[in-house]
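Encoded as structure tokens, the structure appears first; notes follow it.
The shown structure was predicted, so the numbers you read here are calculated from the model rather than taken from an experiment. Along the sequence shown, residues are numbered consecutively beginning with 1. First listed ligand is number 1; within each ligand, the first listed atom is number 1.
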Amino acid sequence: MFELLKTDTTTKARLGRLTTAHGVVETPVFMPVGTQASVKALDPRELREMGTQIILGNTYHLNLRPGLDIIRAAGGLHRFMNWDKPILTDSGGFQVFSLAKIRKVKAHGVEFRSHLDGSALFLGPKESMEIQRVLGSDIAMVFDECPPHDAPAKEQRLAVERTIRWARECREQPRAEGQKVFGIVQGGVNPALREECAKALVAMEFDGYAIGGVSVGEPEPEMMKAVELAEPHLPAHKSRYAMGLGTPAQMVELIARGVDMFDCVLPTRVARNGTAYTKRGTFSIKGGAVKADFGPIEAGCDCFACQHFTRAYIRHLLNVNEILGLRLVSIHNSHLYLRVMNEVRAALAAGTFGEYYREFIAGYTPTQKVLSQRKKHTAD
Ligand SMILES: [Zn+2]
């Protein structure tokens with residue numbers, strides 16, 4: 001399923017190719033997030049035009065609305081949303097542990113109440129895999145327990161034990177035709193737990209491995225550490241996926257640490273606040289500074305928004321709440337994430353990733369929040 005084409009000589013970065021039932025995915029890859037069977041504000045034609053190879057769908061949300069009966073009647077998620085390229089679905093574990101109210105963790109899953117209407121629901125390995133089978137995703141994720149990053153050691157250990165047991169149950173469930181299943185490594189920043197979890201999952205021979213328990217509110221240095229602890233225990237001939245990350249600079253940092261796949265809501269989420277990503281960091285298109293700026297969002301960008309519209313115009317749209325404003329920023333931001341991945345793959349193919357990595361990180365200004373997290377980490 002995964003072909004390792006080349007490994008960088010100066011970092012752990014990898015050029016690869018993932019073959020799925022709906023086509024080939026060149027890695028490293030960014031997967032735009034279509035939580036509710038839609039990548040917010042973007043239609044499938046736009047996604048295709050900007051070079052999207054694979055998108056993410058969400059088990060927890062799609063099971064609540066529109067419900068499995070509708071998706072089954074539509075002929076699966078690909079047909080329902082008119083997307084004929086690969087789809088990865090997450091297991092719902094993250095949402096159950098972060099969104100749902102009143103949880104009771106049982107041996108075979110979690111009792112919880114819907115965050116929408118309070119109705120009583122149950123999701124475990126069996127239910128999650130059944131939903132993902134009906135969705136018909138190309139890659140299904142195992143149902144795991146994702147504790148908060150600051151959970152006490154005892155809770156982290158219990159989460160790893162359940163994650164391993166549930167992964168084994170997931171492995172035995174029926175799948176959609178051609179559907180692959182990835183295991184998820186938990187364990188926080190505890191080296192022994194990460195190692196134990198990774199080794200147990202690798203022994204079960206999943207089709208790929210995700211590093212979970214990242215992007216759950218932890219400071220950036222902890223995110224890097226969690227990946228560094230899990231990665232050495234993962235086999236080279238399978239894909240590695242860091243879930244729910246991150247900024248362009250964090251993705252490049254994690255590619256250098258051996259990660260192949262990413263998904264993140266940031267490009268479309270921050271677009272709705274009028275924040276644009278560039279290769280040098282973020283800036284606000286709402287502020288007065290761009291009021292009369294008739295340049296594109298990012299010089300040199302070949303996205304539809306930058307090719308046709310100015311910062312001044314997009315700022316105006318955002319300030320009068322015209323939907324086109326947030327659509328244009330969403331197009332640019334998503335395109336930027338995909339463009340960075342294109343550049344990374346080209347650099348890996350050319351054997352110049354080490355230089356690309358250094359230049360990219362040197363040119364990227366992180367947010368104040370990330371800078372203060374790094375400073376505190378160094379001081380500690
Ligand atoms: Zn652009």
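Phe97 and Phe143 have tilted rings, their planes meeting at an angle from 30° to 60° on a 0 to 90° scale. A parallel orientation is assigned to the rings of His22 and His78, their planes being inclined by less than 30° (bins at 30° and 60°).
When SG of Cys303 and ND1 of His332 are joined through the Zn ion (ligand 1), the resulting angle is 120° to the nearest 10°. With the Zn ion (ligand 1) as vertex, Cys306 SG and Cys301 SG subtend 110°, rounded to 10°.
Among the backbone and side-chain atoms of His335, no N/O/S atom is found under 2.8 Å from the Zn ion (ligand 1).
Checking Gln186 against Asp144 by side-chain atom types alone, a donor-acceptor pair falls below 3.5 Å.
Between Glu253 and Arg257, at least one side-chain nitrogen of the basic residue sits less than 4.0 Å from a carboxylate oxygen of the acidic one, meeting the salt-bridge criterion.
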